[in-house]
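Encoded as C-alpha cells, the structure appears first; notes follow it.
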Amino acid sequence: VVPMYEFGYGLSYTDFEYSDLEMEPVWKDGSRYKLSFKVTNIGEVKGKESAQVYVRQNESSAVRPYKELKGFDKVELLPGETKQVTVYLDRRSLSWYDAQKKAWVAEDGMYSVFVGASSRDVRLNGGFEYINH
C-alpha cells in the first residue's frame, strides 16, 4: 500500500541536501552502529526537515518489509546552514519478533541503510555487516 503522504511530507518550503554518510561500530564487538550524515538547507528560507534512517536486512529467515524506519531527527536550518545528524542502531533496532521462540531475534548478515527525507525520497545509502556476539 502506497501512502498518500509519507512521514515528513510537507514540513517545509525550502530544499535540503544530504551528504557525508558515515557508519561505524561503536562497541568493540560491533553490535552497535553509529550513523551520521549532514543535512544542508540549500533554499532561500528557514525550514525544518525530518531526516530519516531506514534499514533492510538483505537476507532474512522471516518475511520482513523492504525497509523499516529505525530512527529520525527533526532539524531546523537557516538558509545555507548545515547540521550533523546522528542515529544509533543497536541489536534491538535490527530485531524482529519470532512468535515460535517468543523472543526478539537479530540475525547475522548484511544490512542496507537508506537515509532521506521520507521512505520514497532516499538521498544516501550504505550498508554494514551485523554479527551477533
Side-chain angles (χ1 to χ4, degrees):
V1 175
V2 177
M4 185 175 289
Y5 302 104
E6 65 274 7
F7 173 57
Y9 178 85
L11 287 179
S12 184
Y13 293 101
T14 190
D15 293 310
F16 298 93
E17 179 179 83
Y18 287 66
S19 63
D20 301 329
L21 175 63
E22 295 181 8
M23 295 179 286
E24 62 179 298
V26 291
W27 288 346
K28 288 184 181 181
D29 65 3
S31 63
R32 186 172 180 217
Y33 290 86
K34 176 183 175 183
L35 280 71
S36 62
F37 53 93
K38 294 178 181 171
V39 179
T40 302
N41 180 345
I42 59 172
E44 304 277 330
V45 297
K46 178 171 76 171
K48 293 181 182 178
E49 178 80 329
S50 290
Q52 301 165 38
V53 174
Y54 293 84
V55 174
R56 175 173 62 97
Q57 184 179 357
N58 295 358
E59 294 183 27
S60 176
S61 63
V63 176
R64 297 184 71 177
Y66 179 76
K67 55 187 165 190
E68 301 172 70
L69 178 64
K70 295 301 179 177
F72 69 94
D73 192 8
K74 188 173 179 181
V75 292
E76 184 172 1
L77 300 166
L78 297 170
E81 185 178 12
T82 299
K83 286 190 179 173
Q84 182 92 13
V85 176
T86 301
V87 173
Y88 291 93
L89 300 174
D90 59 11
R91 182 181 192 282
R92 179 64 183 233
S93 64
L94 303 178
S95 298
W96 53 275
Y97 189 75
D98 185 330
Q100 291 179 336
K101 293 181 181 178
K102 296 182 180 175
W104 289 93
V105 175
E107 295 178 309
D108 290 354
M110 295 301 296
Y111 288 77
S112 296
V113 174
F114 309 94
V115 175
S118 75
S119 61
R120 292 188 280 203
D121 187 2
V122 173
R123 312 283 181 91
L124 304 170
N125 56 52
F128 62 90
E129 182 175 12
Y130 174 76
I131 300 173
N132 195 5
H133 294 279

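In this text the structure is predicted, and so the values were computed from the model without any measurement.
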Original post:
Charged N to carboxylate O below 4.0 Å: is that the case for Glu68 and Lys70?
Top reply: yes
Subject >> Any Thr82 side-chain heavy atom under 4.5 Å of Lys38 side chain >> reply: yes
Subject >> Co-membership, hydrophobic cluster, residues Tyr54 and Tyr66, 4.5 Å side-chain >> reply: yes
**OP:** Measure the spacing between CZ of Arg56 and OG of Ser112 and express it to the nearest 0.5 Å.
**Re:** 4.0 Å
Original post:
What pair of heavy atoms forms the shortest contact from Asn41 to Leu78, and how long is it?
Top reply: CB-O, 3.3 Å
Subject >> Spacing of Tyr130 atom OH and Asn58 atom CG [to the nearest 0.5 Å] >> reply: 15.5 Å
Subject >> Nearest-0.5 Å distance, CD1 of residue Ile42 to CG of residue Leu77 >> reply: 11.5 Å
**OP:** Is it possible for you to check whether Arg32 lies under 6.0 Å from the centre of the six-membered ring of Tyr88, through NZ or CZ, and within 45° of that ring's axis?
**Re:** yes
Original post:
What's the spacing between Phe16 CZ and Glu81 CD if we round to 0.5 Å?
Top reply: 10.0 Å
Subject >> Interatomic distance, Ile131 atom CD1 to Asp108 atom CG [nearest 0.5 angstrom] >> reply: 6.5 Å
Subject >> Parallel, tilted or perpendicular, as decided by the 30° and 60° cut-offs, for the rings of Trp104 and Tyr97 >> reply: perpendicular
**OP:** Kindly check if the number of other-residue, nucleotide or ligand heavy atoms within 6.0 Å of CD (Glu44) is above 12?
**Re:** no
Original post:
Taking C-beta and beyond as the side chain, do Glu49 and Lys74 meet within less than 4.5 Å on heavy atoms?
Top reply: no
Original post:
Do Tyr111 and Val53 belong together in a cluster built from hydrophobic side chains that touch within less than 4.5 Å?
Top reply: yes
Subject >> Steps toward side-chain hydrogen bond (donor to acceptor under 3.5 Å, both in side chains) verdict (Gln52, Ser118) >> reply: CA-CA 6 Å; Gln52 301 165 38; Ser118 75; 5.7 Å; no
Original post:
How many angstroms lie between CD in Gln84 and CG in Asp20, if you round to the nearest 0.5 Å?
Top reply: 7.5 Å
**OP:** Would you sort out whether Thr14 and Lys46 count as a side-chain contact (heavy atoms from CB on, under 4.5 Å), showing the intermediate values?
**Re:** CA-CA 7 Å; Thr14 190; Lys46 178 171 76 171; over 6 Å; no
Subject >> Side-chain touch Trp96/Ser60, heavy atoms, less than 4.5 angstrom >> reply: yes
**OP:** State, with a plain yes or no, whether a side-chain heavy atom of Glu24 is found less than 4.5 Å away from one of Tyr33.
**Re:** no
Original post:
Do Val113 and Leu35 have side chains that get closer than 4.5 Å, going by heavy atoms?
Top reply: yes
**OP:** Could you state whether Val87 and Val122 fall into the same hydrophobic cluster, counting links through intermediate Ile, Leu, Val, Met, Phe, Trp or Tyr residues with side-chain heavy atoms under 4.5 angstrom apart?
**Re:** no
**OP:** Following the transitive rule for hydrophobic clusters with a side-chain heavy-atom cut-off under 4.5 Å over Ile, Leu, Val, Met, Phe, Trp and Tyr, establish whether Phe114 and Phe128 coincide in one cluster.
**Re:** no
**OP:** List the atom of Val39, the atom of Ala51, and the distance in Å for their closest heavy-atom pair.
**Re:** CG2-CB, 4.2 Å
Subject >> Phe72 and Phe7: CA distance, side-chain angles, deciding distance, ring-ring contact (aromatic ring centres under 6.0 Å, His included) verdict >> reply: CA-CA 10 Å; Phe72 69 94; Phe7 173 57; 5.0 Å; yes
**OP:** Side-chain contact test, heavy atoms from C-beta onward, threshold under 4.5 Å: evaluate it for Val105 versus Ser95 and give yes or no.
**Re:** no
Original post:
Are side-chain heavy atoms of Ser36 and Glu22 found at a separation under 4.5 Å?
Top reply: yes
Original post:
Side chains of Met110 and Glu59: closer than 4.5 Å at any heavy-atom pair?
Top reply: no
